[in-house]
Protein chains: 2
Amino acid sequence: MTFQKRAQKILELLEAYGEVEIRQLAQKTGASEVTIRRDLSTMAANKLLYRTHGGAMKTSDLIKPVSFANKAEVNIKAKDAICKKAAEDIAEGDVIFIDCGSTAFRLCQFIKNKKIKVITNSLPVVNELQHSAVSINLIGGEVNPNRQAVHGSMAHEHIVRYRASKAFLGVDGITIEGLYAGSEHEASNTMAMASQSDCIYMLCDASKVGKTSYLKFNDLSMVNILVTNFSGPEIKEFESKGIAVYSVRL
Amino acid sequence: MTFQKRAQKILELLEAYGEVEIRQLAQKTGASEVTIRRDLSTMAANKLLYRTHGGAMKTSDLIKPVSFANKAEVNIKAKDAICKKAAEDIAEGDVIFIDCGSTAFRLCQFIKNKKIKVITNSLPVVNELQHSAVSINLIGGEVNPNRQAVHGSMAHEHIVRYRASKAFLGVDGITIEGLYAGSEHEASNTMAMASQSDCIYMLCDASKVGKTSYLKFNDLSMVNILVTNFSGPEIKEFESKGIAVYSVRL
DNA sequence: TGTAATTCGATCAAAAATAATCATTATTAA
DNA sequence: TTAATAATGATTATTTTTGATCGAATTACA
């Protein structure tokens, strides 16, 4: 059994149980404990797992290089349902913006096989769509490792050079009063994408609706379609402001 | 049995089993193990499969990060030695360009802990440096999934907006006559980075020196320093053209 | 806290696989 | 046909992988 095979097995077991012991692994792979120990060290060096005494643990998904692809993610079902609904509106030949953030990221799985062009500043989106039917335009600028996204004035300039039929955006909070972001950088990108698109989709799971955040960066007028699993009386108010609301259920 | 026939058979078996052993293949094809080994290396160079000890694995079966642990990459030692040498010249506070390509990628491991700014169009470089001391500026434009890099006119415009103290570039081939690239896109980016840098480092393992490729995109005048493990009489000629040559040994 | 039991890291040796070299055979070009 | 070129195979030297062993470090637990 080669190193690669063992590594695969180890990662599988890690995925299933969250942690593994060297004894187990040695038994399952037929290799000696010394070898397993060596495997674990090289894998740990590549940040594929955390080394513990006598075994290994799954790398915290926060630290993993590229992944919102994490099933422990909050509200994942809501986000998936929202994105599935939104993806129905995406047609062959479309040019779309995809915002950074964990919600918009979930759109990827539903558009992989569509022949469209995606303009994005989200590194996970790029990684996810890299070997798919989608052609990608990556927005350039300063990389923010925490958000796994590109920001800054160069990014802004880049965005306004393009034009898309649809933009799929996320925010930190949305109320009747307006849209809220966690940072100016994000707000700036979101605004720029909106200004360059014919139709603006706002993807918000229920936890975002009615919530405010530190920066109110715009009112609701720029939003055309709100896709959400929120279902309170406020929905009517959004609609009265001229926003089409796609309500999804889980 | 010709190479093509064998390659076909190998891919079939790979498709069926996910992995193959050299012994098997030698038996099934009637070729010697030496020949199979040669077949596998060329196929691995074309990314048709992953080379393992004693055999090969299907590319798609491999979990991506494991492939980084794969030492089957061609000329890896030369590339590492070259990059280690080149990295010695990088000082705190530097702003540097890093080209796409497998050679320049190897620079990452040696600069992770330096407080510098890296401007790059290479997605693997971004992933590698994302959670390090390095701050990253990602060049925007069209993503080429095969090269895992960003190209196009937008990329060019992005590059020329910045200025760096050093550029670490790769080429497909280098001779006394000039520099050769595999595509115009690459050449365009390489040229742009060179034009915006004070000092241009060319990173070339021995297989690149003396080799030409389909596009000669410039003469040698733009190169300041050639870092290579090549050690033939041609080195003197490079030096006579005013290029400083850093010779590395393995 | 101190002691026993694990686990780890380093070093070594054996086995397997690979790379390098050279001779031989097939293929192609002149 | 003959010479040049490329592909293959055999042989040898080198490298890689693996497992064993032993002192040091870490953990468990009495």
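Predicted, not measured: the structure shown is a model, and the values here were computed from it. FYI, side chains are in, hydrogens and waters are out, and symmetry mates aren't considered; it's all heavy atoms of this structure. Sequence lines set the chain letters: A, B, ... in the order given, protein chains first and strands last, and positions in each chain run from 1.
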**Fill in**
B/Met1 CE to C/dT27 C1', in whole Å, measures 18 Å
**Fill in**
In terms of heavy-atom contacts, B/Lys216 and B/Gly178 come closest through CE-CA, 4.2 Å
**Prompt:** Where the side chain of A/Thr35 is defined as all heavy atoms beyond and including C-beta, which of D/dG9, C/dT18, D/dT18 is the nearest nucleotide?
**Reply:** D/dT18
**Protein-nucleotide distance (B/Gln4, atom CD; D/dA6, atom P), rounded to Å** = 15 Å
**Fill in**
Regarding the side chain of A/Arg23, the nearest nucleotide among C/dA17, C/dT6, C/dC8 is C/dT6
**Asked** How many Å lie between CG on A/Leu40 and P on C/dT7, as a whole number?
**Response** 13 Å
**Request:** Take atom CD of A/Glu21 and atom P of D/dA28, then tell me their distance rounded to the nearest Å.
**Result:** 11 Å
**Message:** Categorize B/Thr42 for me: base, sugar-phosphate, or nothing, with a 4.0 angstrom heavy-atom threshold over every strand shown.
**Reply:** nothing
**Prompt:** Quick one: A/Arg38 CZ to C/dA10 C1', roughly how many Å, whole number?
**Reply:** 10 Å
**Prompt:** What's the closest nucleotide to the B/Val34 side chain, out of D/dT8, D/dT11, D/dA20?
**Reply:** D/dT11
**Asked** So which nucleotide from D/dG19, C/dT21, C/dC8 ends up closest to the side chain of A/Arg51?
**Response** C/dC8
**Asked** Among the nucleotides D/dG9, D/dT17, D/dT18, which one has an atom lying closest to any side-chain atom of B/His53?
**Response** D/dT17
**Asked** Where the side chain of A/Arg6 is concerned, which of C/dG9, D/dT18, D/dT16 is the nearest nucleotide?
**Response** D/dT18
**Message:** Under 3.5 Å, is there any donor-acceptor pair linking the side chain of B/Arg37 to the base of D/dG9?
**Reply:** no
**Prompt:** Taking the inter-plane angle between the rings of B/Tyr246 and B/Tyr201 on a 0 to 90° scale, is it parallel (under 30°), tilted (30 to 60°) or perpendicular (over 60°)?
**Reply:** perpendicular
**Prompt:** Which heavy atom of B/Ser197 sits nearest a heavy atom of B/Phe97, and at what distance?
**Reply:** OG-CD1, 3.2 Å
**Asked** Taking the nucleotide of DNA chain D with the closest heavy atom to each, which residue, B/Gly30 or A/Thr2, is nearer the 5' end?
**Response** B/Gly30
**Message:** Using whole Å, what does the distance between atom P of nucleotide C/dA17 and atom CD of B/Gln24 come to?
**Reply:** 12 Å
**Nearest-Å distance for atom pair CD1/P, residues B/Ile22 and C/dA15** = 20 Å
**Prompt:** What integer distance in Å separates A/Glu33:CD from D/dA20:P?
**Reply:** 10 Å
**Prompt:** What's the shortest heavy-atom distance between A/Thr120 and A/Ile98, and which atoms?
**Reply:** OG1-O, 2.7 Å
**Item:** Derivation and outcome, side chain to side chain donor-acceptor pair (under 3.5 Å), residues B/Asn121 and B/His158
**Value:** CA-CA 10 Å; B/Asn121 67 325; B/His158 185 129; over 6 Å; no
